[in-house]
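The structure under discussion appears below in the form of structure tokens.
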2 protein chains.
Amino acid sequence: MNKLRGAELKGVEWMKVSKEKAAENRERILNEAARLFREKGAQGVGVDALGEAAGLTHGSLYSQFGSKDRLLAEAVAHAFSRFATKFGAVKDADTYVSKYLSTEHRENPGSGCTVAAIGSEMPRQSEAVRRAFTDATKRSMARMAALLPRRRGREREDDALVMLATMAGAMILARAVDDRELSDRILSVSRAQLQRVA
Amino acid sequence: MNKLRGAELKGVEWMKVSKEKAAENRERILNEAARLFREKGAQGVGVDALGEAAGLTHGSLYSQFGSKDRLLAEAVAHAFSRFATKFGAVKDADTYVSKYLSTEHRENPGSGCTVAAIGSEMPRQSEAVRRAFTDATKRSMARMAALLPRRRGREREDDALVMLATMAGAMILARAVDDRELSDRILSVSRAQLQRVA
DNA sequence: TGTACATCAGTGAACGCGCGTTCACTGATGTAC
DNA sequence: TGTACATCAGTGAACGCGCGTTCACTGATGTAC
């Protein structure tokens, strides 16, 4: 029963965690939650599985976050942020599109775009979760707009919004269909069209 | 306890349903399931609620469909089909885009596009459900392609796929964000861009 | 510096609840004669 | 056409299970003196 993987250091059986260790645990919970929610959906993963993935019991989630819903809200923000980091080095829209609409991204929703992974579940989420999602979406828009060479200001943001919608929609469709050929085709024709426009 | 709304005709308390009545019940279950799954997600609605919405008990779902999953598979096909019917009279891509990317559609997921409503839940569904989704997606592609004036054959289908992806992605984003202004903006800029292309 | 003790991250048992599914039963329908 | 009975759509109680949450407890950490 006593797993304690989160605190198994120095070989002792049990050890109350220091503030530093608690902060590490929190980060680990967020990383695993951000992955699991994207892989299995908000309702597809329970508090036991979330705790276990971080090497802790479910009770620790309540110490750190208070409820599953508040963990979800923080995990959504975390997931967006981690995904953005993966694209931090990208300096042009073409590269962004290629990377986003890749088979590598399609096969790995757990480390991928949050919109593509759980976008259609958002209307049914709490206010806190939707606020986190909305704020992150606005940041995505601004980041995408910065990569677009033509236009400026509001119109550039408009273009960024349509690009984000197209990429997310294409990835959702590509992951949803049970036909490899069609899935590949959705990715490649969307890539081609976006790179023609950008 | 004894509700029997599905069979309350002629004022009698109980009456075994005829084959005709059973077929009507089946249709009613499918209509309600197609609505509820789109409104609440595949995991967001249970067999009790599904039965009750059709005026029956959950047991009747098992007589008719055998399991919740098989009902979901049939409901997905049904939902796509009913949505397509709403667009049956549309004769050009511009009108289709306007109707799809409308606030009316955004506010009514239960009678709207299945991709927009539960698209990102599809990768986690059973083979039967995904097959129903995939078949319906192919039909959507063919129908959309038929509305596109330029190009032909495979290239026209390619354009249709990108349009479908953009519309679904835009609707998912517009429904997900907790900011009316941004939501309206996503719809209008996507409409503008698609009508420029089509 | 050493001692006494409050703090609080994490544990694990327990809770009420709703889930999907099973099953014995009901009784009008629909059919065999 | 009339009678006897098999069929089967739908009922409702029961099942085992996993869910999110609560809570008394543990014990090293971190602090007050």
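Residue numbering restarts at 1 for every chain, and letters A, B, ... go by the order of the sequence lines. Just so it is clear, the values below take in all heavy atoms, side chains as well, and ignore hydrogens, waters and symmetry mates.
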- Note on the structure: A:Tyr62 OH to D:dT21 C1', in whole Å, measures 5 Å

- Message: Going by the rule side-chain contact (heavy atoms from CB on, under 4.5 Å), which residues pair with A:Ala168 if we only count those two or more places apart in sequence or in a different chain?
- Response: A:Tyr100, A:Val115

- Task: Go through C:dG20, C:dG10, D:dG10 for me and flag the one nearest to the A:Gln64 side chain.
- Result: C:dG10

- Query: Can you check the B:Leu50 CG to D:dG10 P distance for me, whole Å?
  - Reply: 15 Å

- Winner on side-chain proximity to A:Val47, out of C:dT21, D:dA9, D:dG20, is D:dG20

- Test item: side-chain donor near acceptor, B:Thr95 and B:Asp92, under 3.5 Å: yes

- What integer distance in Å separates A:Leu61:CG from D:dT22:P? 13 Å

- Message: Return the pairing partner of D:dT1 with a 3.5 Å limit on both distances, Watson-Crick or G-U wobble; otherwise return none.
- Response: none

- Message: So if I take every side-chain heavy atom of B:Ser63 and compare against D:dT11, C:dT11, D:dG10, which nucleotide ends up nearest?
- Response: D:dG10

- The side-chain contact (heavy atoms from CB on, under 4.5 Å) partners of A:Arg106 (sequence neighbours excluded) come to A:Thr103, A:Met171, A:Ala174, A:Arg175, A:Arg180, A:Ser183, A:Asp184, A:Leu187

- Query: Between B:Phe83 and B:His105, is the gap from one ring center to the other below 6.0 Å?
  - Reply: yes

- For the side chain of B:Leu56, starting at C-beta, report the closest nucleotide among C:dT22, C:dT11, D:dG10. D:dG10

- Counting heavy atoms from C-beta on, name the nucleotide in D:dT21, C:dA9, D:dT11 closest to the side chain of A:Ala22. C:dA9

- Query: Taking NZ from B:Lys40 and P from C:dC19, how many angstroms apart are they, rounded to a whole number?
  - Reply: 11 Å

- Message: What is the separation between atom CZ on A:Phe65 and atom C1' on C:dC8, rounded to the nearest whole Å?
- Response: 16 Å

- Closest to the side chain of A:Asp48, out of C:dA9, D:dC19, C:dT21, is D:dC19

- What is the nucleic acid contact for B:Gly59, judged by heavy atoms within less than 4.0 Å: base, sugar-phosphate only, or nothing? base

- Item | Atom-to-atom span, CD of B:Glu52 to P of C:dG18 - whole angstrom | 13 Å

- Side chain of B:His58, base of D:dA9: donor and acceptor closer than 3.5 Å? no

- Task: Measure across B:Ile29 and B:Ser60 and return the closest heavy-atom pair with its distance rounded to 0.1 Å.
- Result: CD1-OG, 4.3 Å

- Task: Quick one: look up who D:dC17 pairs with, Watson-Crick or G-U, both distances under 3.5 Å, and put none if it's unpaired.
- Result: C:dG18

- Rounded distance (Å) that lies between atom C1' of D:dG10 and atom CZ of B:Arg28: 12 Å

- Item | Pairing nucleotide - C:dG12, Watson-Crick or G-U, each distance under 3.5 Å | D:dC23

- Integer-rounded Å distance: D:dT21 C1' and A:Lys68 NZ: 12 Å

- Partner nucleotide of C:dA6 by Watson-Crick or wobble geometry (both distances under 3.5 Å): D:dT29

- Query: Within the pair B:Thr57 and D:dT11, is there a side-chain N or O less than 4.0 Å away from OP1 or OP2?
  - Reply: yes

- Message: If the threshold is 4.0 Å, N to carboxylate O, is there a salt bridge linking B:Arg130 and B:Glu127?
- Response: no

